[in-house]
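So the structure is just underneath, and the comments pick up after that.
Predicted model only: the values in this text are computed from it and were never measured.
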Amino acid sequence: MSKNDKTMSAQERLEQLGYKQELNRSLSVTGNVTMTTANASPIMAIFVLAIAPLVVTGTATAGAALFQGILVLLIGLTLAELGSIYPVSGGTYSIIRYVLPKPLSYMGIASFVLISLIFPPSTALGVATYMQLLFPQLPQTAFATSCIAAVCLIFALIVGLSSIATSDKMTKILMAMQAVLIAVLFYTFLTNPQRDVTEVVFSPQVLNELGTALIPGSISVMLASIGMLFGVIGGYDSALGFSEETKGSCRNIAKAVIISTVVTVIFMVTPIILSMMAAPDLLAYLQAKSPLLYTVQSYLGSTGTMLVNIGVLIATFNATVMLIVWQARILYTGARDRTFPDFIAKQMMKVSGKTQVPWVATAFICIASIILVFASSLVALVTFGAILFSVMFLLVAVGSIISRIKEPNIERPFKMPLFPLIPIVVIIGLTIAIFAQPLHDILTAAGFYGLALLYYFVYIRPRDKRENQS
């Protein structure tokens, strides 16, 4: 690359990588951040996904969230560097394909496929939970929750197959609604402190086995919480998914990633900690079906809580739609790159002529999600998904080091500071977080990664060799 490549436009770099500009490149950095934050859905994350770490690790989630926030900022810098070099809409998936040796890249691809099947049912279960809170006359059993989640997924599929899902106006409206809700939460929590931040961060407490009293939390509990929070504090990496639609130079991709990461940390980490500081009773807080909602209800009353519930319900349904839409495009990109066997890739690449949506990939994710809402629980899905995210970002950190070694002369529109300290800290932090998770989740994930390596060595590598020889 020439010396002027630092100011090369993202479109020029895309074409240099061998791709055609087919998407509408109309997003500013601000537009990218808005779309990314809408995808991350802070309201959904703190009210729904955060239930899992709070139930399992109690107020140890506060200290873990602070640590996690720092780790996420470091991961964001790593993604910003690599994303500015490879501004392709596959996002983290594409980065992994470019910077890692093929066997390792297929471990990353396995993470993507599994994540695409885990998080849509997680958010659908969140919608179901809030439907039961809003309408207590609905059945309150676990099976009823699964049935409501399945109906939610069917509606999400209908929306996801239309052009409504990617409507810029719709995204801005929903993002504005979330911003108002977050502002209300900040005001409510900050004006009603019941304890200081040092108490919730440095004196963690968890529920006893019967869930009837609080007991001190250990360091191992906090480490487990750090790992679980990877399934909660996320979505910032989707800024890379809009690389082919973001205007300007490659540096704009890095800007969008960094800003999105900072916004994610502020909008997700801060409310979780503040909700504990403002909770009238920590035991009741951790016993509640939705801990943050307990704190809200304590100060806003029934009417205010109803309005917050409706906002959470809308935000969570929108997040379900956006996850299905986004993950379907990841599967579509993987099929286009022939990551899957040809007979599967051929189906996954089918696009609706009217709405230009990858309808087979979208329907596949929805059907698999419906099965999972009956076969698992919100806590189990978020916990296992956290391991997958941790491994994926660990591979990205490893890839950033490999990239600096193998391609020392490649122009980097954005270079992360303090290299190699940042990726090393990320690798250490993620390794600790992974091994602090339940053993059965670690072994299950290891089994899937073993299958991914087997798939590469048994199918992909022989196929590539045959085609190169012909």
Apply the test side chain to side chain contact (heavy atoms under 4.5 Å, CB included) to residues Gln194 and Met277: give CA-CA distance (whole Å), side-chain angles for both, the deciding distance (0.1 Å), then the verdict. CA-CA 6 Å; Gln194 302 299 313; Met277 294 170 61; over 6 Å; no

For the side chain of [X] and the backbone of [Y], is there at least one donor-acceptor N/O pair under 3.5 Å apart?
X      : Y      : answer
Gln287 : Gly211 : yes
Tyr449 : Ser111 : no
Ser116 : Val113 : yes
Ser203 : Val200 : no
Gln140 : Leu138 : yes
Gln132 : Pro139 : yes
Ser225 : Val221 : no
Arg25  : Lys247 : no
Asp237 : Thr92  : no

So, Phe393 versus Tyr236, ring centres under 6.0 angstrom or not? yes

Aromatic ring proximity, centroids under 6.0 angstrom, Phe119 and Phe389: yes

Less than 4.5 Å apart, side chain to side chain, heavy atoms only: is that true for [X] and [Y]?
X      : Y      : answer
Val29  : Ile259 : yes
Leu286 : Val55  : no
Pro42  : Thr37  : yes
Leu54  : Met276 : yes
Leu313 : Val127 : yes
Gln205 : Pro216 : no
Val206 : Thr59  : no
Phe384 : Ser376 : no

Enter the distance from [X]:[atom1] to [Y]:[atom2] here, rounded to the nearest 0.5 Å.
X      : Y      : atom1 : atom2 : answer
Ile95  : Tyr86  : CD1   : OH    : 9.0 Å
Ser369 : Ile324 : OG    : CD1   : 5.5 Å
Ile371 : Ser146 : CD1   : OG    : 13.0 Å
Thr61  : Met228 : OG1   : CE    : 8.0 Å
Met44  : Thr320 : CE    : OG1   : 7.5 Å
Leu331 : Thr362 : CG    : OG1   : 9.0 Å

Do Leu82 and Ser403 pass the side chain to side chain contact (heavy atoms under 4.5 Å, CB included) test, and can you show the C-alpha distance, the side-chain angles, and the key distance before you say yes or no? CA-CA 9 Å; Leu82 295 176; Ser403 174; 4.1 Å; yes

Are more than 12 heavy atoms from other residues, nucleotides or ligands located less than 6.0 Å from atom CZ of Phe374? yes

Would the number of heavy atoms belonging to other residues, nucleotides or ligands and lying under 6.0 Å from CD1 of Ile158 be above 12? yes

Counterpart residues, side chain to side chain donor-acceptor pair (under 3.5 Å), relative to Ser220 (two or more places apart): Ser218

Sorted by chain and residue number, the side chain to side chain donor-acceptor pair (under 3.5 Å) partners of Gln297 (sequence neighbours excluded) come out as none

Might you point out which heavy atoms bring [X] and [Y] nearest each other, and give the distance in Å?
X      : Y      : result
Cys250 : Arg13  : SG-CB, 3.6 Å
Val398 : Leu100 : CG1-CD2, 4.3 Å
Ala239 : Asn32  : O-ND2, 3.2 Å
Thr145 : Ala128 : O-CB, 3.2 Å
Met392 : Ile115 : SD-CD1, 4.3 Å
Ala279 : Tyr299 : C-OH, 4.5 Å

The single option from Leu77, Thr78, Leu79 passing side chain to side chain contact (heavy atoms under 4.5 Å, CB included) against Ser400: Thr78

Specify whether Tyr130 and Phe47 have parallel, tilted or perpendicular ring planes, treating 30° as the upper limit for parallel and 60° as the lower limit for perpendicular. perpendicular

Presence of salt bridge, Lys415 and Glu81, under 4.0 angstrom: no

